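A quick write-up on the structure given underneath.
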Amino acid sequence: MIYPMAALVLLTFYVALRMFKARVSAIKGGQVAMEHFRTYATPSDQLPQAMVLSQRCYNNLFEMPILFYAACITAMVTQLTGVFMLALAWLYVGCRVVQATLHLRGKIRWRMRSFMASNVCLLAMWGVLLGTSLIR
């Protein structure tokens, strides 16, 4: 279970790097003043699209994935790391990679589908954890 978690951590760092590059580019290009980052008061429709997309994608990686990390750690602690749980974890990560890729490119329809697919995987992971704990 540690490998799917590590893969999602790497994805988060990759998106953070993309966000940093987009911000630096926007500052160097004169599209955003450095002062913007003090309060983030500039409306998003006045910011470069690459900057907005990378920031939102990055923020998104700290929302539902928290439940993924909790499920993985719970699975490891309770020794419920069988093939099915591991497959669900990797499928979740795969869906999140697709979702992040599409998010950074501004593709909405397929991004939402991959987001929902990742949520189904996550719900199934928690279902396995809860179902197995009820049987014990």
Side-chain angles (χ1 to χ4, degrees):
M1 297 303 286
I2 197 80
Y3 295 115
M5 289 193 308
L8 198 56
V9 167
L10 288 175
L11 175 64
T12 303
F13 276 102
Y14 170 75
V15 172
L17 181 61
R18 289 279 304 259
M19 180 179 64
F20 178 74
K21 286 181 173 184
R23 287 177 172 184
V24 169
S25 177
I27 291 168
K28 284 183 177 179
Q31 298 169 299
V32 176
M34 185 73 96
E35 189 64 26
H36 163 76
F37 298 99
R38 183 180 312 276
T39 62
Y40 294 89
T42 310
S44 62
D45 64 346
Q46 296 175 13
L47 298 171
Q49 184 178 16
M51 199 173 112
V52 172
L53 291 174
S54 61
Q55 176 67 50
R56 289 189 178 158
C57 185
Y58 180 74
N59 290 346
N60 191 256
L61 287 168
F62 287 96
E63 293 169 354
M64 293 301 281
I66 297 299
L67 299 176
F68 170 74
Y69 295 124
C72 288
I73 291 168
T74 302
M76 289 188 296
V77 168
T78 59
Q79 298 179 344
L80 295 173
T81 56
V83 174
F84 185 63
M85 184 64 95
L86 191 57
L88 284 172
W90 277 115
L91 190 56
Y92 178 83
V93 171
C95 289
R96 292 307 302 222
V97 167
V98 169
Q99 190 265 344
T101 301
L102 295 172
H103 199 154
L104 292 170
R105 293 181 180 169
K107 307 291 184 189
I108 297 170
R109 182 173 298 162
W110 287 102
R111 183 184 95 205
M112 286 303 300
R113 289 176 179 159
S114 61
F115 176 74
M116 291 310 297
S118 72
N119 287 342
V120 168
C121 294
L122 184 57
L123 187 59
M125 289 175 72
W126 278 102
V128 169
L129 291 171
L130 292 172
T132 306
S133 69
L134 290 174
I135 294 171
R136 287 184 177 183

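Because the structure is a prediction, the values reported are computed rather than measured.
To the nearest 0.5 Å, atom CD of residue Q99 and atom OH of residue Y92 are 8.5 Å apart. To the nearest 0.5 Å, atoms CG (L91) and CG (L122) are separated by 11.5 Å. The CG atom of L11 sits 7.0 Å away from atom SG of C57, with the distance rounded to the nearest 0.5 Å. L80 CG to T74 OG1: the interatomic distance, rounded to the nearest 0.5 Å, is 9.5 Å. Rounding to the nearest 0.5 Å gives a distance of 8.5 Å between CE of M64 and CG of L123. Between the CG atom of L53 and the CZ atom of R111 there is a distance of 8.0 Å, given to the nearest 0.5 Å.
Within the 4.5 Å cutoff, no side-chain heavy atoms of Y3 are placed close to those of L86. In this structure, the side chains of M85 and L129 come closer than 4.5 Å at one or more pairs of heavy atoms. Side-chain contact between F37 and V32: present, with at least one pair of heavy atoms (C-beta onward) separated by less than 4.5 Å. Counting only heavy atoms from C-beta outward, the side chains of N60 and R96 approach each other to under 4.5 Å.
A distance-only check finds a donor-acceptor pair linking the side chain of S54 to the backbone of M51 [under 3.5 Å].
Under the ring-ring contact (aromatic ring centres under 6.0 Å, His included) criterion, F115 pairs with no residue, sequence neighbours left out. With sequence neighbours left out, E35 forms a salt bridge (Lys or Arg N to Asp or Glu O under 4.0 Å) with R38.
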Indicate every side-chain donor-acceptor pair of residues 18-31 with a distance under 3.5 Å to a residue at least two apart or in another chain.
unit_1	atom_1	unit_2	atom_2	d
R18	NH1	Y14	OH	3.0
R23	NH2	Q55	OE1	2.1

- Assess whether side-chain contact (heavy atoms from CB on, under 4.5 Å) is satisfied between V98 and W110, documenting all intermediate values. CA-CA 9 Å; V98 169; W110 287 102; over 6 Å; no
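The number of heavy-atom neighbours closer than 6.0 Å to CD1 of I66, taken from other residues, nucleotides and ligands shown, is above 12.
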